[in-house]
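Keep in mind that what you see is a predicted model, and the values were worked out from it rather than measured. Excluded from the calculations below are hydrogen atoms, water molecules and symmetry mates; all remaining heavy atoms, backbone and side chain alike, are included.
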Amino acid sequence: MTSKKASEIFSALGHPIRLKIAYFLSQRDHCVCELIFKLNERQNLVSHHLAILKNCGIIEAYNSSKWRFYRLNSEFAGILKTISQVQNKKLE
């Protein structure tokens, strides 16, 4: 991985909404409407952040019937686990 790509990934995960989206998607796949509800944000804002995460390769999208679902790219599961562990240590 180049330093430019790493910088893009950290920048994408550096926004609180995008980090929350990545966390939710690490639990299971979600459609946009579920993420809107969980984040309590407007649809256009959630879609904007999903596009940024997708362009960086952090998440993937697929269609199921009339719904579009998003999932975390499996390569990023370890990064989110590490972030969660660090955060939990700060709370102790």
Arg42: which residues meet the salt bridge (Lys or Arg N to Asp or Glu O under 4.0 Å) condition with it, sequence neighbours left out? none
With Arg71, which residues qualify under salt bridge (Lys or Arg N to Asp or Glu O under 4.0 Å), at least two apart? Glu60
Output the distance between atom [atom1] ([X]) and atom [atom2] ([Y]), rounded to the nearest 0.5 Å.
X	Y	atom1	atom2	result
Gln43	Leu50	CD	CG	9.5 Å
Leu53	His48	CG	NE2	10.0 Å
Ile36	Cys31	CD1	SG	8.5 Å

Residues 17-25 side chain polar contacts: donor-acceptor under 3.5 Å, at least two apart:
{"residue": "Arg18", "atom": "NE", "partner": "Ala12", "partner atom": "O", "Å": "2.8"}
{"residue": "Arg18", "atom": "NH1", "partner": "His49", "partner atom": "ND1", "Å": "3.0"}

How close do Ser47 and Val32 get, counting heavy atoms only, and between which atoms? OG-CG1, 4.2 Å
Quick one, Leu72 and Ile58 - any side-chain contact, counting heavy atoms below 4.5 Å? yes
In the hydrophobic clustering (ILVMFWY, side-chain contacts below 4.5 Å, transitive), which residues join Trp67, or is it alone? Tyr62, Phe69
Considering residues at least two apart in sequence or located in another chain, which fulfil the ring pair (Phe, Tyr, Trp, His ring centres under 6.0 Å) criterion with His30? none
Partner residues of Ala61 under the side chain to side chain contact (heavy atoms under 4.5 Å, CB included) criterion, sequence neighbours left out: Lys54, Arg68, Tyr70
